[in-house]
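What follows is a single structure, written as C-alpha cells, with notes after it.
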Amino acid sequence: MLVSKLRVADVVPTIGWTAKVSRTVFGQSRRLVVKVGSSSLTHPAGGLDHDKVVAVAECIAAATQTGRQVVLVSSGAIAGALAKLELKARPRDLATQQAAASVGQGALMRIYTEVFESHGLVVGQVLLTAEDVVRRSHYRNAQRTLYRLMELGVVPVVNENDTVATDEIRLGDNDRLAALVAHLVHAEALVLLSDVPGLYDSHPRGSDAALIADVYGADDISDLSLSGSGPLGSGGIKTKVTAAHIAAGAGIPVLLTDAARANQALMGADIGTMFHPTGKRVPTRLLWLAHAADPVGGLHLDSGAVEAIVSRKKSLLPAGISRVSGDFHRGDPVDLLDENGRTVARGLVNFDSSELPDLLGRSTEELARELGSAYRREIVHRDDLVVLLPK
Ligand code: GLU
C-alpha cells in the first residue's frame, strides 16, 4: 500500500456520539455490503481456491434468496492470477499487477457466475476506480448502476478496476472501497470477511490475545498497533479498521470476522468484532472527498481561515490563503493546511492553480471590482469541503 494512501486513511471525520446496535442488524438488514478479501478466496501460494470462492458465493446466494439485497465486494483478482501466470508472489510493479488483475478478474467472475446461476441468480460485475467515483457526476453514475442491478434482482460483484487503475488514481484496498460502496448504496450494514475472526488486543498468534467484541469509537482502539498486511491482498488489519471507521462514522454498523463464519455473520450471530455507528450519514460526495480522493495540491491557510473553516463552517475565501502548492485544475480535490502544514480539511477547488497567486490575500469584493463578478466566488465552497481532524 502506498504511503500517500496511508496519509488519507489516517484521518477520520469528527466523531460526536456512538449508537449501540445489536448484531441482529447483520442478520436482518435488507441491504448490506459484504466484502471478502483475497486470502479468503485463494490458496496460500496464490491462485483461486475454487472451494473457498464457492463457499462465499453460496452464503451470499442464500442471503439473497431470503429477499435481502447483497452487494459483494470481492478481492482476489490479482492473487487469483498468480498460479496461471506462474508468479511466485503478488507482483510489486504496477504493470504486472494490472495484467494479473485482468487475468484473475475473469476467472473469479466465472466461478461467481456459475455458483449464483445454480441458485437461479444473476451476477453483474462492477469495476470501479477511485477516479470513477470521486467526482459527483461519476459516483452518481456508479450509484445508478448499482441501484438498477439490485432492482433487477442481480447481485452486484464489485472490485477496484485494477487493470486500468494507476497508483495515482487507485484506492488500493477493497476495505475502503467496500465502506464507500456501502454508503453509496445506503446499505444498512457492512460485513468485512477476512482470515481472522476479528480484531484482537494483541497479535492473534499470541496465546493471551483477546478478541475485541465491540468498538464504540476510534478512541477505544487507538492504542492498538495495526501494522502489517497479508502476502496476497493489499489490505491488512489497518485498512479494515480504517474502513470500519469510515462506515461507522457515516452511520453504518460494521462486522469484522473470518470468511469461514460468513453464514453465522449473515444470521446475526454473536461473533467477530462489531464497530458501532459513531456518526450519521453524510453527503456522499463529502465521504468520497474525505476518503477516496487523492488531493493534487494544497492551499496553505492563515490561522483566521483555519478557524473560519473548522469552527465557523465557512467557505474558503482568497483572503485567508497564504500559499498554494501543486498543479491543479478547477474541480480538483485539494488539501487545506494550517500554518504547521497539517491537513485540516479537503475540498474541491474553484480555480486553476495558475490563477490563484494573483488572488491570494485579497477580498472577494476587491477582486470582483477589478476582475469581474466571476471572481466573487469562493476558492472552495462550503458544500464542497470536508473537515478532517487527526485521530
Ligand atoms: N482489488 C484487488 C484484487 O482484486 C485486491 C485489493 C485488496 O486486497 O484489498 O486483487
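Just so it is clear, the structure is predicted and the values come from calculations on it, not from any experiment. In this chain, numbering begins with 1 at the start of the sequence shown. The basis for the numbers below is simple: all heavy atoms, side chains too, and nothing from hydrogens, waters or symmetry mates.
- A donor-acceptor contact shorter than 3.5 Å links the side chain of D338 to the backbone of R342.
- A pairwise comparison of heavy atoms in A187 and I252 identifies O-CG1, 3.8 Å as the closest pair.
- The backbone N or O of D258 sits nowhere less than 3.5 Å from a side-chain atom of S194 that would complete a donor-acceptor pair.
- Two residues are said to be in side-chain contact when any heavy atoms from C-beta on lie closer than 4.5 Å; I60 and V155 meet this criterion.
- In this structure Y200 satisfies the ring pair (Phe, Tyr, Trp, His ring centres under 6.0 Å) test with no other residue, sequence neighbours excluded.
- Hydrophobic clustering (side-chain heavy atoms under 4.5 Å, transitive across Ile, Leu, Val, Met, Phe, Trp, Tyr) keeps V71 apart from F26.
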(request) Begin with the C-alpha distance, continue with both residues' side-chain angles, and end with the deciding distance and a verdict on side-chain contact (heavy atoms from CB on, under 4.5 Å) for V70 and V33. (result) CA-CA 6 Å; V70 186; V33 171; over 6 Å; no
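- Using modelled atom types, one finds a donor on one side chain and an acceptor on the other under 3.5 Å when comparing N174 with S75.
- The two residues V349 and L299 come nearest to each other via the heavy atoms CG2-CD1, 4.4 Å.
- The backbone N or O of A345 lies less than 3.5 Å from no partner atom in the side chain of T343, so there is not a single donor-acceptor pair.
- Judged purely by atom type and a 3.5 angstrom limit, R176 has no side-chain atom pairing as donor or acceptor with the backbone of T239.
- Of the possible donor and acceptor atoms, one in the side chain of D49 sits under 3.5 Å from a partner among the backbone N and O of D51.
- Residue L192 is not grouped with residue V21 when hydrophobic side chains (ILVMFWY) are merged at heavy-atom distances under 4.5 angstrom, including chains of intermediate members.
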(request) Test N161 against L128 for side-chain contact (heavy atoms from CB on, under 4.5 Å), laying out the working first. (result) CA-CA 5 Å; N161 195 349; L128 302 171; 6.0 Å; no
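- At least one side-chain heavy atom of L180 sits less than 4.5 Å from a side-chain heavy atom of L287.
- Put simply, V157 and L193 are part of the same group of oily side chains (I, L, V, M, F, W, Y) that touch within less than 4.5 Å, one to the next.
- No donor-acceptor distance shorter than 3.5 angstrom exists from the side chain of H119 to the backbone of A57, with no hydrogens or angles considered.
- Counting only residues at least two apart or in different chains, salt bridge (Lys or Arg N to Asp or Glu O under 4.0 Å) contacts with residues 52-78 are absent.
- Annotation for E86: atom CD does not count as buried by contact number, only 12 or fewer foreign heavy atoms lying within 6.0 Å.
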(request) Mind running side-chain contact (heavy atoms from CB on, under 4.5 Å) on F116 and V122 for me, showing each step along the way? (result) CA-CA 6 Å; F116 281 89; V122 178; over 6 Å; no
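- Shown here are the salt bridge (charged side-chain N to carboxylate O under 4.0 Å, His left out) partners of E117, two or more places apart in sequence or in another chain: there are none.
- Within a 6.0 Å sphere centred on CZ of R312, other residues, nucleotides and ligands contribute more than 12 heavy atoms.
- No single ILVMFWY cluster, assembled from side-chain heavy atoms under 4.5 Å apart, contains both V241 and I271.
- Nearest approach of D352 to R330, heavy atoms of both residues: OD1-N, 2.8 Å.
- Interatomic distance, R377 CZ to L367 CG, rounded to the nearest 0.5 Å: 11.0 Å.
- Screening residues 23-42 for salt bridge (Lys or Arg N to Asp or Glu O under 4.0 Å), with sequence neighbours left out, gives R23-D214, R23-D270, K35-D175.
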(request) Could you go through the side-chain contact (heavy atoms from CB on, under 4.5 Å) check for L256 and V196 one step at a time? (result) CA-CA 8 Å; L256 172 60; V196 283; 5.5 Å; no
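- Counted within 6.0 Å of CZ on R281, heavy atoms from surrounding residues, nucleotides or ligands total more than 12; the atom is thus considered enclosed.
- Between the side chains of S222 and D219, no donor N or O sits under 3.5 Å from an acceptor N or O.
- Between V215 and I212 the shortest side-chain heavy-atom distance falls below 4.5 Å.
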(request) Walk me through it: do S74 and Y112 pass the test side chain to side chain donor-acceptor pair (under 3.5 Å)? (result) CA-CA 10 Å; S74 177; Y112 283 132; 2.8 Å; yes
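- Of the possible polar contacts, one joining the S353 side chain to the F328 backbone as a donor-acceptor pair under 3.5 Å is found.
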(message) With salt bridge (Lys or Arg N to Asp or Glu O under 4.0 Å) as the criterion, how do D335 and R346 come out once you've worked through the C-alpha distance, each side chain's angles and the decisive distance to 0.1 Å?
(response) CA-CA 5 Å; D335 273 348; R346 183 167 300 148; 2.8 Å; yes
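- No side-chain heavy atom of L190 sits under 4.5 Å from any side-chain heavy atom of L255.
- Taking each heavy atom of A101 and I78 in turn, the nearest pair found is CB-CG1, 3.8 Å.
- When only modelled atom types and interatomic distance are considered, Q105 and Q125 share a side-chain donor-acceptor pair under 3.5 Å.
- Nearest heavy atoms, A77 versus L108: N-CD2, 4.1 Å.
- Without hydrogens or angle criteria, S102 side chain to Q98 main chain gives no donor-acceptor distance under 3.5 Å.
- Using a 30° and 60° split on the angle between ring planes, Y147 and H186 fall in the tilted class, from 30° to 60°.
- Follow the hydrophobic side-chain contacts under 4.5 Å out from V296 and you reach V380 in the same cluster.
- Looking only at distances, a side-chain donor or acceptor of S322 sits under 3.5 Å from a matching main-chain atom of H300.
- Side-chain contact between V73 and V36 is absent, with no heavy-atom pair separated by less than 4.5 Å.
- Counting only N and O atoms by type, the side chains of Q97 and D162 include no donor and acceptor under 3.5 Å apart.
- Taking both residues in full, the closest heavy atoms of A179 and A243 are given as CB-O, 3.4 Å, listed atom of the first, atom of the second, then distance.
- With hydrogens and angles disregarded, a donor-acceptor distance shorter than 3.5 Å links the side chain of D332 to the backbone of H329.
- Under the 4.5 Å side-chain criterion, counting only non-hydrogen atoms from C-beta, P318 is in contact with T364.
- Screening residues 190-204 for salt bridge (Lys or Arg N to Asp or Glu O under 4.0 Å) gives no qualifying pairs among residues at least two apart or on separate chains.
- Contacts classified as salt bridge (Lys or Arg N to Asp or Glu O under 4.0 Å) and involving residues 357-370 (residues at least two apart or in different chains) are given here: R362-E366, R362-E370, E365-R376.
- Two residues are said to be in side-chain contact when any heavy atoms from C-beta on lie closer than 4.5 Å; M109 and V123 meet this criterion.
- When side chains are defined from C-beta on, V334 does not count as touching V324, because their heavy atoms never get closer than 4.5 Å.
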